[in-house]
Structures are given as structure tokens and as C-alpha cells.
J.: 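Mind looking over this structure? Questions follow.
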Amino acid sequence: MCVFMTGGTGFVGSALTKKLTKQGHAVTLLTRKIRKNRSVPPGVSMVEGNPIEPGAWQKKVADHEVIINLAGASIFRRWTDAEKRRIHDSRIQTTMNLVHALERRKGLKTTLLNASAVGYYGFHGDETLNEESPPGEDFLASVAREWEETALKAEPLGVRVLLCRFGIVLGSGGGALGEMIPIFNKGLGSPLGSGRQWFSWIHQMDLVRVFLFLMEREDLSGPFNCTAPGPVRNKDLTEALGEALGKPTFMPSVPGFVIRMIKGEFGNVLLKGQKVRPEKLLNAGFHFQHPDLLSALRDLILPAP
């Protein structure tokens, strides 16, 4: 298949692009700037454009059967008003521009896999959340809800829309582990706040496999929780990562007020979390290669034999 991808040079997109091309799919990546000396893997082409602005790049979308939208500014920073606008606009404007571009494919078989986040649900303590759970009302929940509503505007065009609600993606070479491992290697790993908040996660390669699974299953549509079936509490994450690294985790918990003082409103994401289950993926027959956190961490951290 011919795949058009935004966010394709990022942490998740890079791994997904490699897997797609390995399976023989042709992938076009949207990038803000094409560097002259940049090497492009076989099966990959580049188109230049800013996804949050309409442009000539939109005409290229019509040549592709599958659209994967991973674009979005990182949320892992202190949320100033300017950062909130950046988080919002990078998601909503990009998705709106893709939907407008898909008008050229009206009547043609097309699939849109649009990223979202488990932040859609807001904070619910120990309640187990599935795809039928209602959206929350905090900032991230409101962004995720609008993000999904924008993507669903492609459905009247005959597009099959899949909303991929990411948990925290664990992978080598970046992401959450890239932030945590240096701290743990110094023996400073510790729970955050009470340590009882839930941590819904997914191994990077399982997430890649989810995208391939959803691409191929034409009978599926709507929201899917892209999380491993075994969410854990923050204190259990701390212990598992310490064990995988062979590092002690006896440091006292970081008080919640300290995290909020440093991270501001974003601190709530670290201190509250969600307990999310991938009910629709499991019911559809998807098999997770890394359902257990400790084995997933060992796979990502320990060198291959």
C-alpha cells in the first residue's frame, strides 16, 4: 500500500516507517524541510511542507490509500499559555488540513489512522477505563476530544477512521525511557507523589504492530486504546525499571507539591494517570508480544545476545 505519514521522523514514526517499508509498503513522509544530503531509506520518499498550514503538500495526500497522522508537539514540558497553544494547534490544525486534503479521495477506499492519547479520559483514580469510557474535562482531555472529532470529519468522505489512543510509549533511544534511565542509572530512581497512580504503557514495537494490524483489518474503525493489557502503578514501574537496570530504588518518593512546583499543570499528568485497558484490540484478536512491564523493559534495556 501507499502510506502518507505526518510525524514520521519522530520516535514512533521512525520505527513504524522501518517496519512498513520492510513489509513492502511505499511510505511518503511529510517534513518541514528536506535536507539536501539526507539519506532516504528504500521505499521512502519525502515531501516538504508545514502540516499546520495548508499547502502544496496536501495534493500528495490524494495519491495514498493509508494516511497515518502522528504529528503533535510534545506534552512533556511545563505548560505555559504559548505551549498549550502549540500542543493544541499542532494536533488540530494538522488533522484539519489532512481531512481537507482527503476530499480529493472522496469515493476511494482510504484509511486514516489518527493518533490520540489516553489523556482523552481525564483522571479517574482506580477506575478501569475502556474505549466506551467518557472523555475528561482537563486540558489534555479537551485537546484529545477535539483532535478525535476533527479526524472523524473524514468519515462523510468515505474514509475509515481509526483513533489510536496512545499510552506512554516505551522504546529504546528516546521517549519516556530516554528521560528516566539516566536518573535511575545514578541511583536516583523513585516513585512520584503517592506512587499509587496508574501508568498505562505500551512497548514501542507492539504499538508499531497495532498500526499494521489496524491497517489490515478493514472491519475495524473508531477508537482503540493503544496500551499494554497490564497497566501498573507508578511505584511498580519504579521497581521494575530499577530491577531491569540493576539499580537500587530506595530513594524516598518525590513529593507531589515539588513536582507541581517544577512542572506546573503538567505535573497532574505525572501524579494522577489513568488505568486503561485495550479492550477493543484484545476483542479483535490482537496479540501483544510484550504484555508484561518487566519483560518489556528487559527487552528494551538488555543488549541482544
Side-chain angles (χ1 to χ4, degrees), residues 11 74-79 117-130 133 135-141 144 165-172 174-204 206-207 225-279 288 290-302:
F11 177 60
S74 174
I75 66 168
F76 291 92
R77 60 189 72 200
R78 190 178 180 91
W79 294 347
V118 297
Y120 170 92
Y121 302 109
F123 307 116
H124 291 264
D126 291 339
E127 179 184 352
T128 301
L129 305 168
N130 62 29
S133 300
E137 298 180 355
D138 60 282
F139 168 68
L140 277 189
R165 295 173 180 165
F166 289 14
I168 300 298
V169 183
L170 301 179
S172 55
L177 284 184
E179 299 287 334
M180 292 189 286
I181 286 176
I183 297 172
F184 277 70
N185 277 335
K186 294 176 182 177
L188 300 176
S190 63
L192 304 179
S194 70
R196 291 187 53 78
Q197 67 273 32
W198 288 96
F199 179 82
S200 296
W201 60 277
I202 188 167
H203 189 293
Q204 183 184 39
D206 267 339
L207 180 57
N225 289 334
C226 298
T227 62
V232 299
R233 296 188 188 273
N234 178 262
K235 62 182 178 62
D236 298 322
L237 165 68
T238 301
E239 292 172 3
L241 183 52
E243 182 176 343
L245 290 168
K247 298 294 180 180
T249 55
F250 55 78
M251 295 291 289
S253 298
V254 182
F257 78 88
V258 173
I259 293 171
R260 289 190 177 95
M261 185 171 61
I262 296 171
K263 298 292 187 180
E265 187 179 350
F266 172 63
N268 288 327
V269 176
L270 302 175
L271 294 169
K272 295 184 178 181
Q274 297 91 8
K275 184 183 181 184
V276 177
R277 286 270 300 171
E279 296 292 349
F288 286 85
H290 304 282
D292 171 74
L293 178 64
L294 183 57
S295 63
L297 290 171
R298 284 174 170 162
D299 177 74
L300 291 166
I301 292 168
L302 296 180

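Throughout, numbering of the chain's residues begins at 1 and tracks the sequence.
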J.: For residues Ala228 and Pro278, report the shortest heavy-atom separation together with the two atoms involved.
T.: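 In this case the closest contact between Ala228 and Pro278 is O-CD, 3.8 Å.
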J.: Which pairs, with at least one residue in residues 259-279 and sequence neighbours excluded, count as a ring pair (Phe, Tyr, Trp, His ring centres under 6.0 Å)?
T.: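 Found Phe76-Phe266, Trp79-Phe266.
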J.: Can you name the residues that form a salt bridge (Lys or Arg N to Asp or Glu O under 4.0 Å) with Arg77, not counting sequence neighbours?
T.: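 Arg77 satisfies salt bridge (Lys or Arg N to Asp or Glu O under 4.0 Å) with Glu83 once adjacent residues are dropped.
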J.: Suppose we screen for side chain to side chain contact (heavy atoms under 4.5 Å, CB included). Which residues come up paired with Gln274, at least two apart in sequence or across chains?
T.: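 Partners of Gln274 under the side chain to side chain contact (heavy atoms under 4.5 Å, CB included) test: Val118, Phe123, Leu129, Val276.
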J.: Any non-hydrogen side-chain atom of Phe288 less than 4.5 Å from a side-chain atom of His203?
T.: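 No, too far: nothing below the 4.5 Å cut-off.
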J.: Side chain to side chain donor-acceptor pair (under 3.5 Å) with Trp201: which residues, sequence neighbours excluded?
T.: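 Side chain to side chain donor-acceptor pair (under 3.5 Å) list for Trp201, sorted by chain: empty.
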J.: Please tabulate, for the side chains in residues 236-259, all donor-acceptor contacts under 3.5 angstrom to protein atoms that are two or more places apart in sequence or on a different chain.
T.:
residue	atom	partner	partner atom	Å
Thr238	OG1	Asn234	O	3.0
Glu243	OE2	Arg298	NH2	2.9

J.: At their closest point, which heavy atom of Gly195 faces which heavy atom of Pro191, and how far apart are they?
T.: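 It is CA-CB, 4.1 Å.
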J.: Going by salt bridge (charged side-chain N to carboxylate O under 4.0 Å, His left out), name the pairs with one or both residues in residues 225-235, residues two or more places apart or in two chains.
T.: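 Sorted pair list: Asp126-Arg233.
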J.: Donor-acceptor pair, distance only, cut-off 3.5 Å: does the side chain of Gln204 make one with the backbone of Val169?
T.: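 Looks like no, no N/O pair under 3.5 Å.
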J.: With sequence neighbours left out, what residues match His290 under side chain to side chain donor-acceptor pair (under 3.5 Å)?
T.: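 So His290 forms no side chain to side chain donor-acceptor pair (under 3.5 Å) with any residue.
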J.: Go through the structure and list residues passing side chain to side chain donor-acceptor pair (under 3.5 Å) with Asp292, not counting sequence neighbours.
T.: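 If we apply the side chain to side chain donor-acceptor pair (under 3.5 Å) test to Asp292, skipping adjacent residues, the hits are Ser295.
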J.: Tyr120: what forms a side chain to side chain donor-acceptor pair (under 3.5 Å) with it, not counting sequence neighbours?
T.: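 Residues passing side chain to side chain donor-acceptor pair (under 3.5 Å) with Tyr120: none at all.
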J.: Under the 3.5 angstrom rule, does the side chain of Asn225 hit a backbone N or O of Thr227 as a donor-acceptor pair?
T.: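 Side chain of Asn225 to backbone of Thr227, a donor-acceptor pair under 3.5 Å: no, none is there.
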J.: Got a sec, which pairs hit salt bridge (charged side-chain N to carboxylate O under 4.0 Å, His left out) with one end in residues 257-268, sequence neighbours left out?
T.: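 As it turns out, the salt bridge (charged side-chain N to carboxylate O under 4.0 Å, His left out) pairs with a partner in residues 257-268, which skip direct neighbours, are Lys84-Glu265.
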